[in-house]
Amino acid sequence: MGSTEERIVAVIMVGGPTKGTRFRPLSLNIPKPLFPLAGQAMVHHPISACKRIPNLAQIYLIGFYEEREFALFVSSVSNELRVPVRYLKEDKPHGSAGGLYNFRDLIMEDNPSHIVLLNCDVCCSFPLPDMLEAHRRYGGMGTILVIKVSPESAYQFGELVADPVTNELLHYAEKPETFVSDRINCGVYIFTPDIFTAIQGVSTQRKDRATLRRVSSFEALQPANRSLPTDFVRLDQDILSPLTGKKQLYVYETMDFWEQIKNPGMSLKSSGLYLAQFRFTSPHLLASGDGTKNATITGDVFIHPSAKVHPTAKVIGPNVSISANARIGAGVRLVSCIILDDVEIQENAVVIHAIIGWKSSIGRWSRVQASGDYNAKLGVTILGESVTVEDEVVVINSIVLPNKTLNVSVQEEIIL
Amino acid sequence: MKALILVGGFGTRLRPLTLSYPKPLVDFANKPMILHQIEALEAIGVTEVVLAISYQPEGMLNFLKEFEKKLGIKITCSQETEPLGTAGPLALARDYLVDGSGEPFFVLNSDVISEYPLKQMIEFHKSHGGEASIMVTKVDEPSKYGVVVMEESTGQVERFVEKPKLFVGNKINAGIYLLDPSALDRIELRPTSIEKEVFPKIAKEKKLYAMVLPGFWMDIGQPRDYITGLRLYLDSLKKKSSPKLSFGPHIIGNVLVDESATIGEGCLIGPDVAIGPRCVVESGVRLSRCTVMRGVRIKKHACISSSIIGWHSTVGQWARVENMTILGEDVHVGDEIYTNGGVVLPHKEIKSSILKPEIVM
């Protein structure tokens with residue numbers, strides 16, 4: 001063909017409402033991919049990262065949400081970043097690789113030389129241009145982004161063993177009980193179009209096996225043998241694991257930050273990581289102020305242009321994010337929190353390690369706080385949409401569902 | 001004749017059930033809560049019911065249209081844009097309630113269930129000739145509520161005392177009123193309390209009369225009272241020898257079973273159980289003091305007491321569900337699981353036991 005123009009297509013898996021309820025109560029009001037981190041929707045971050053790839057032709061978002069839930073966002077982000085973004089709804093679960101395969105015709109329409117696959121709910125620096133270059137050097141079918149974690153925490157993820165010189169993937173174990181490796185799968189991949197052949201291979205193999213094999217009743221009870229539908233293909237167990245050691249898969253290690261955003265507490269932590277990243281990549285997005293004309297700002301803080309912050313408020317970072325039309329009153333102190341749209345925080349209130357839901361109202365001298373332990377169930381206080389905390393009330397380590405009014409103090413409670 | 005039902009807002013006290021349906025449409029004794037009241041009103045000749053709401057969720061209007069057709073009664077919604085308290089919504093709905101005929105209109109509180117002796121209330125209202133009549137009910141612990149102090153023989157109301165510290169009486173406001181249109185002139189379109197502002201004024205002019213509610217009364221706005229309320233309601237069905245109650249060797253006490261539900265062999269059901277449409281209760285199941293909503297499957301040998309099982313949920317084999325366990329819509333309790341007071345939000349699977357009361361999100 002002789003064309004030097006290599007086109008890249010990116011695919012971001014955004015999941016869906018039936019998959020997991022761990023993001024409640026925030027997911028009661030908004031699809032998780034659209035929840036704002038550092039002032040931008042969760043899925044906006046990987047989309048911006050894709051934009052940095054030269055010759056990016058198209059971005060597809062694949063998920064189980066209704067199309068209308070993403071319509072507004074998709075058109076606005078396409079406009080803003082000047083890159084075609086399209087949302088595709090899966091009709092039924094196909095597994096992490098099956099979903100990709102399901103839309104292969106659309107993905108291959110632009111004749112891409114490479115496909116970037118990302119999971120929406122990871123918080124990452126997404127070093128895609130460098131990773132793509134490495135992938136080209138390796139010359140394999142796929143390159144997986146990995147990061148080093150503490151050996152004690154590695155069991156929660158997919159553990160990868162790679163050749164230290166060639167970076168070839170030698171072994172893959174999904175959530176192993178014993179220690180295999182401290183390099184884990186970040187959920188960011190670059191593939192050549194051969195990935196579709198590999199996925200089809202698994203599908204066909206399964207079909208053949210289903211018709212040929214007769215298992216003993218004992219065998220049939222073993223979890224590994226429980227037959228999955230032929231078009232349900234998991235990327236990690238069904239594609240990556242069997243291809244290790246065959247000079248097809250390679251790893252690329254990132255030294256930057258990485259987190260999985262499974263629960264609301266982690267979204268607060270991730271918001272902080274992105275704010276810190278803005279300090280280097282886009283400092284103009286962060287707020288500043290010294291208490292004379294504007295409120296005192298310390299650390300990395302995002303304040304939406306339409307939000308109103310009283311000059312005597314002390315917005316302390318790192319990690320405060322204030323969304324559109326929020327009003328922060330005089331003498332308010334904010335530390336490590338996400339304040340969502342239309343929230344009103346009245347005079348002298350204090351908010352520490354919390355997420356304050358849309359349209360909520362925090363009364364004068366009230367205190368909304370938590371321990372800040374991102375992994376604890378009640379480690380970050382979450383107020384749902386339209387929650388009112390009355391004057392002088394204290395809310396500690398609690399979760400409050402939408403439309404509630406708190407007129408007495410609470411601690412360590414979930415309020416429905 | 002017209003009526004207003006104070007529906008209110010989000011029904012947060014009845015969560016997780018109200019996360020799936022708006023409160024008026026949550027089933028009680030196999031019928032949407034609001035239908036109990038609308039049917040009682042329709043039975044005594046009310047032709048138009050106004051629902052005073054502060055929040056109108058999608059789909060509620062469709063349900064209401066269905067009821068309109070089935071019962072041949074007009075149902076309209078009056079939606080407040082800011083909280084108007086317990087009297088303000090009446091002013092907001094004024095044009096629906098006043099038609100120039102001078103007829104009095106009913107005001108009901110949507111969380112209340114009772115026998116609704118509305119015909120007797122009309123006669124009582126005519127006989128005393130006052131401007132307003134209210135139903136009161138006798139309770140054991142009056143200081144939890146607003147107490148109505150009245151003259152025993154005539155029922156004329158002397159005063160209201162909110163949560164009295166010393167005993168002043170044991171009759172509380174049952175949330176059922178019959179008002180002359182002139183009462184509306186006393187209510188401004190602003191946040192107003194009917195008990196604290198409107199009724200005391202009418203009582204001062206000696207125009208407010210109270211009638212003791214015959215039969216049972218319950219505010220079923222929260223799960224514990226919902227379960228007690230079912231017992232009272234089924235008890236009243238028993239007293240009327242209602243054919244709706246089930247009988248048989250596998251039934252103890254008062255039990256309501258929808259005709260489309262199936263019950264397996266060797267079960268023991270009751271007392272105080274309601275089983276909704278298309279439920280499947282497999283063999284060897286024990287149910288007592290519980291509500292099983294539409295489309296639920298209870299698997300073999302399970303045991304459920306003092307709990308509410310939400311729409312389309314399943315309870316696994318040999319599971320034990322008790323002590324105010326509330327399962328939201330589409331919750332699946334695994335085989336052999338024990339739940340003691342678990343409150344589970346919709347679309348969850350319970351794969352490990354809940355040993356003490358806990359909210360599962």
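Below, read A as the first sequence line, B as the second, and so on, with proteins coming before strands; counting in each chain starts at 1. Just so we're clear, the structure is a prediction, and the values are computed from it rather than from any experiment.
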Tell me which of these, B:E349, B:K348, B:E358, B:R15, has more heavy-atom pairs under 4.5 Å with chain A than the rest. B:R15
In terms of heavy-atom contacts, A:I261 and A:M42 come closest through CG2-CE, 3.8 Å
Run the ring-ring contact (aromatic ring centres under 6.0 Å, His included) check on A:Y65 and A:Y87 step by step: do they pass? CA-CA 9 Å; A:Y65 295 96; A:Y87 175 77; 7.3 Å; no
Quick one about B:N340 and B:E322 (side-chain donor to acceptor, distance below 3.5 Å, no hydrogens or angles considered), yes or no? no
Please tell me whether A:N397 and A:E412 have a donor and an acceptor in their side chains that are separated by less than 3.5 angstrom. yes
So for B:L19, is it side chain, backbone, both, or neither that comes closer than 4.5 Å to the heavy atoms of chain A? side chain
Which atoms of A:I399 are under 4.5 Å from chain B, going by heavy atoms: the side chain, the backbone, both sets, or neither? side chain
